[in-house]
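Before any comments, here is the structure.
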Protein chains: 2
Amino acid sequence: MRSEPLSRARIVAAAIDLIEREGADAVSMRRIAAELGVGVMSLYNHVPNKDALLNAVAEAVLSEIEFTDDPDAHWTDRVRAQAGAFRQIAHHHPRSTMLVVSRQLHSAAGLLPVERALATLRGAGFDGPDAVRMLRMFIAFIVGSLLREVGVTPTFAPVQTRTIKAEGVDPALFPEVSSLAPLLDECDHEAEFDFGVELLIQAMHVHSGRKEGTR
Amino acid sequence: MRSEPLSRARIVAAAIDLIEREGADAVSMRRIAAELGVGVMSLYNHVPNKDALLNAVAEAVLSEIEFTDDPDAHWTDRVRAQAGAFRQIAHHHPRSTMLVVSRQLHSAAGLLPVERALATLRGAGFDGPDAVRMLRMFIAFIVGSLLREVGVTPTFAPVQTRTIKAEGVDPALFPEVSSLAPLLDECDHEAEFDFGVELLIQAMHVHSGRKEGTR
DNA sequence: CGGGGGTTACGTACACCGTACGTACCTTTT
DNA sequence: AAAAGGTACGTACGGTGTACGTAACCCCCG
């Protein structure tokens, strides 16, 4: 009857599956155990507690990123590729991605992306402090974007695209919001993300082209 | 004995207080009721459920932002001021800020900042679509930054400044991370935030200065 | 060929959670 | 005076994370 002997990996996989299907709120030790056809406390032989499990989930999702980094490519293309690679996990595991961005994990799993990014930035000619600054900038942008894109989706609904806020605003109080409502309501996340990446790349360009002065 | 008659405002205030003191995990209806010296179910006369309470908390925190917007100032200064105003709430209510950025609230409370920002951007010469894009860009950056700055602080610790990851990395596997470890470990959030704001302002500058072509 | 000894699975139990429901009081309207 | 409505409260139900004690298994050492 015991098909496979229950392992940390299987538990994490079940958790990810459950999160994707029913949302992060549905995750409970009992639920996961039931999903695996196993007693609740058996999980604790492989995972110290729920928090650690969620960290493991975040780690697993994060380590799924495919980095096909080409050191010979122009640094702008490498930046584009890395940003896109990060974004792809939000497409593959929308709900679980929230865990990755909500919990900053101190584990080594998130270290490889950092290494790649720093190498790229150094290759682009930034010195240490500037490379770190730019990296933080990019991370902030990516995290913030994914947070908006994936929505928090606290409960159900397969991600919820409608924001539903357009109509009820008073044009006298909020003229800009009111007149731009159609634009605010819809959002092509892909295009928006690409726009941000390009904007940041341009910004990095002008930043590197002046180095000092002007302030 | 009944000092004040218990109101939605008092409940929200108690919730914020509790969150700041003991973290978001410590928030429970029973805990809040105890804090107010009141029965648990009395809360439900003023708040439909916990989720609505947390939304109210987010709304209250958000509406505490002080916008001293000067329509005559240069648009770059207005952008700086608005970004800073947003960041100040992260300083005043670090833990509660997580609620604001985690939960996107569709209520009207977050509408005023949007209105102000759009007005500023339009004043800077951006047309509708570009203004919305830039606003989204800025929001993503601010949210991402605050998320890093305040940390998720899921449990205790008065914000936890140490990241503790410097030492254990293999210089052979992660040369960049290893050599830049000191820079990665410490972070002057204020300076980092200001750097990002300036970078984005410059980016907006070059973006408005070309409008079309180059791609 | 015994045994142990460690690992794994499991059940029970406890403290806590959100909240549905019924009830008492107190204030205002009729 | 009576009726109506809102506020506070207690109890109860089904859920949660996990500490603890037990039983089965496998493997290695004698």
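Nucleotide C/dA9 holds its C1' atom 13 Å from the CZ atom of A/Arg10, rounded to whole Å. With rounding to whole Å, B/Arg8 atom CZ is found 17 Å from D/dG6 atom P. Protein atom CD1 of B/Ile11 is 11 Å distant from nucleotide atom P of D/dC9, rounded to whole Å. As rounded to whole Å, 10 Å separates atom P of C/dC10 from atom CG of A/Asn45. Straight-line distance from the CG atom of B/Leu36 to the C1' atom of D/dC9: 15 Å, rounded to whole Å. Rounding to whole angstrom units, OH of residue B/Tyr44 and P of C/dG18 are separated by 6 Å. Note: CG (A/Asp25) to C1' (C/dG18) measures 13 Å, nearest angstrom.
Side-chain proximity of A/Ser42 to the nucleotides D/dT18, C/dA9, D/dC9 is greatest for C/dA9.
For the pair A/Arg31 and A/Glu22, the minimum side-chain heavy-atom distance is below 4.5 Å.
For the pair B/Glu149 and A/Arg136, the salt-bridge criterion is not met [side-chain N within less than 4.0 Å of a carboxylate O]. Under the 4.0 Å criterion applied to side-chain N and carboxylate O atoms, A/Asp70 and A/Arg78 are not assigned as salt-bridge partners.
Side-chain contact annotation: B/Thr120 with B/Gln82, donor-acceptor N/O pair under 3.5 Å present.
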Tabulated below should be each protein N or O lying under 3.5 Å from an N or O of nucleotides 11-17 of chain C; please produce it.
from, atom 1, to, atom 2, distance (Å)
C/dC17, OP1, B/Ser28, OG, 2.9

Next item on the list: Could you please spell out the steps behind the salt bridge (charged side-chain N to carboxylate O under 4.0 Å, His left out) verdict for A/Arg116 and B/Glu176?
Entry: CA-CA 8 Å; A/Arg116 297 291 177 86; B/Glu176 299 292 351; over 6 Å; no
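A side-chain donor-acceptor contact under 3.5 Å links B/Glu20 to the backbone of B/Arg95.
For the OP1/OP2 pair of D/dA8 and a distance below 4.0 Å, the side-chain nitrogens and oxygens of B/His46 include at least one atom meeting the criterion.
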